[in-house]
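I have placed the structure first, in the form of structure tokens, so that the comments after it can refer back to it.
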Amino acid sequence: MQHEQRARIAGGRGFLAALDQSGGSTPKALAEYGVPESAYPTEDAMFDLMHEFRSRIMTAPAFTSERILGAILFEQTMDREVDGTATPQYLWERKGIVPFVKVDEGLAEEADGVRLMKPFTRLGEVLERAGRRGVFGTKMRSFITRAEPAGVAAVLDQQFGYAGQILEADLMPILEPEVDIHSDTKAAAERLLRQGILERLAALPGDRQVMLKLSIPTEDDGYAELIGHPKVLRVVALSGGYSRQDADARLARNHGLIASFSRALSEGLRYEQADDAFNRTLEDSIAEIFRASST
């Protein structure tokens, strides 16, 4: 199964759907979906509503392997069911979509122009459970606000350090050192990031590979060297706060870079929509993101 999933991610046409909003970002995602905080009195009720939203996306007719290569899940989503089937199994066996899971535990306070990930406290247990459930890989996010060499180096040291543990568990790590799209040093931060990644890729042992999830670069094709690197299985892009139209336009100018959008994917989807309207909106979104990912 892993061999087939790896081949699908490495050479398939399409993009990754990011369905991994966590506790901190879930209220905003639900609000954009049309569900106010007053609709859920408890955190459990909030996550139940979010799972219903994600299930509605995953079971939609347009959500298929024809245009979607993989889906990144929130840990709790990995442990739930969709249409009576465990979510990772539903994605792979019924949709042909490769499942990933978010493993970071949120961001620490900013220092040196970056926000590192909080130290992982449960990584081994999460990786064991993910492997048992048929998950192919993981995703972990850091945040870069300024082009500070020490901060960018700390982000990459942490990302590659945890990636080593994930590879040892026979899972594929997606490293996500996001650069703030509003930073006035975004281009400089991307140059530091690219060089730092190249240096650390060279140190990966044997035939080990990782995946990268990066902000769409300021310079078109700015990550071409990473996209073509033998130690990188695939490079995907986050929308980072751009509208879907803007993100798609920028993505299309970067050859070989494919989407891994969250908010941009669900843009326009509303709780009160009838299924026909919901499915048409999602179909349009998937079609637009697929086109932008096919350059």
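Distance alone, capped at 3.5 Å, places no donor-acceptor pair between the Arg250 side chain and the Pro217 backbone. Formation of a donor-acceptor pair under 3.5 Å by the Ser293 side chain with backbone atoms of Ile289 is found in this model. Not one N or O on the side chain of Arg56 forms a donor-acceptor pair closer than 3.5 Å with the backbone of Glu52. Ser260 places no side-chain N or O within donor-acceptor distance of the main-chain N or O of Leu238, the cut-off being under 3.5 Å.
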Distance-only donor-acceptor pairs under 3.5 Å for side chains of residues 168-178, two or more places apart:
{"from": "Glu168", "atom 1": "OE2", "to": "Arg208", "atom 2": "NH2", "distance (Å)": "3.3"}
{"from": "Glu176", "atom 1": "OE1", "to": "Lys139", "atom 2": "NZ", "distance (Å)": "2.9"}
{"from": "Glu178", "atom 1": "OE1", "to": "Arg141", "atom 2": "NE", "distance (Å)": "2.7"}
{"from": "Glu178", "atom 1": "OE1", "to": "Arg141", "atom 2": "NH2", "distance (Å)": "3.2"}

Identify each donor-acceptor pair in which a side-chain atom of residues 36-44 lies under 3.5 Å from a protein atom, sequence neighbours left out, and give them as a table.
{"from": "Thr42", "atom 1": "OG1", "to": "Ala45", "atom 2": "N", "distance (Å)": "3.1"}

Under 3.5 Å donor-acceptor pairs involving side-chain atoms of residues 119-129, not counting sequence neighbours:
{"from": "Thr121", "atom 1": "OG1", "to": "Glu105", "atom 2": "OE1", "distance (Å)": "2.9"}
{"from": "Thr121", "atom 1": "OG1", "to": "Glu105", "atom 2": "OE2", "distance (Å)": "3.3"}
{"from": "Arg122", "atom 1": "NH1", "to": "Glu75", "atom 2": "OE2", "distance (Å)": "3.0"}
{"from": "Arg122", "atom 1": "NH2", "to": "Glu75", "atom 2": "OE1", "distance (Å)": "2.8"}
{"from": "Glu125", "atom 1": "OE1", "to": "Arg129", "atom 2": "NH1", "distance (Å)": "2.9"}
{"from": "Glu125", "atom 1": "OE2", "to": "Arg129", "atom 2": "NH1", "distance (Å)": "2.2"}
{"from": "Glu128", "atom 1": "OE1", "to": "Arg132", "atom 2": "NH1", "distance (Å)": "2.5"}
{"from": "Glu128", "atom 1": "OE2", "to": "Arg132", "atom 2": "NH1", "distance (Å)": "2.6"}
{"from": "Arg129", "atom 1": "NE", "to": "Asp79", "atom 2": "OD1", "distance (Å)": "3.1"}
{"from": "Arg129", "atom 1": "NE", "to": "Asp79", "atom 2": "OD2", "distance (Å)": "3.3"}
{"from": "Arg129", "atom 1": "NH2", "to": "Glu75", "atom 2": "OE2", "distance (Å)": "2.5"}
{"from": "Arg129", "atom 1": "NH2", "to": "Asp79", "atom 2": "OD2", "distance (Å)": "2.9"}

Practice problem: Please test Arg6 against Leu233 for side-chain contact (heavy atoms from CB on, under 4.5 Å), starting from the C-alpha separation and ending with a verdict. | Solution: CA-CA 8 Å; Arg6 177 183 284 271; Leu233 183 68; 4.0 Å; yes
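With hydrogens and angles left out, the side-chain atoms of Gln195 and Arg191 include no donor and acceptor closer than 3.5 Å. No hydrogens or angles considered: a donor-acceptor pair under 3.5 Å links the side chains of Thr77 and Arg54. Checking Ser142 against Gln159 by side-chain atom types alone, a donor-acceptor pair falls below 3.5 Å. With 3.5 Å as the limit, one finds a donor-acceptor pair spanning the side chains of Arg94 and Thr85. If you check the side chains of Thr145 and Glu110, you find a donor sitting under 3.5 Å from an acceptor.
Listed by first and then second residue, the salt bridge (charged side-chain N to carboxylate O under 4.0 Å, His left out) pairs involving residues 180-189 are Lys186-Glu190 (not counting sequence neighbours). Listed by first and then second residue, the ring pair (Phe, Tyr, Trp, His ring centres under 6.0 Å) pairs that reach into residues 59-82 are Phe47-Phe74, sequence neighbours excluded.
Every residue meeting the ring pair (Phe, Tyr, Trp, His ring centres under 6.0 Å) condition with Phe53, not counting sequence neighbours, appears here in chain and number order: Tyr33.
Of all heavy-atom pairs spanning Ala62 and Ile286, the tightest one is O-CD1, 3.6 Å.
Taking the six-membered ring for Trp and the full ring otherwise, Phe15 and Phe290 have centroids separated by 6.0 Å or more.
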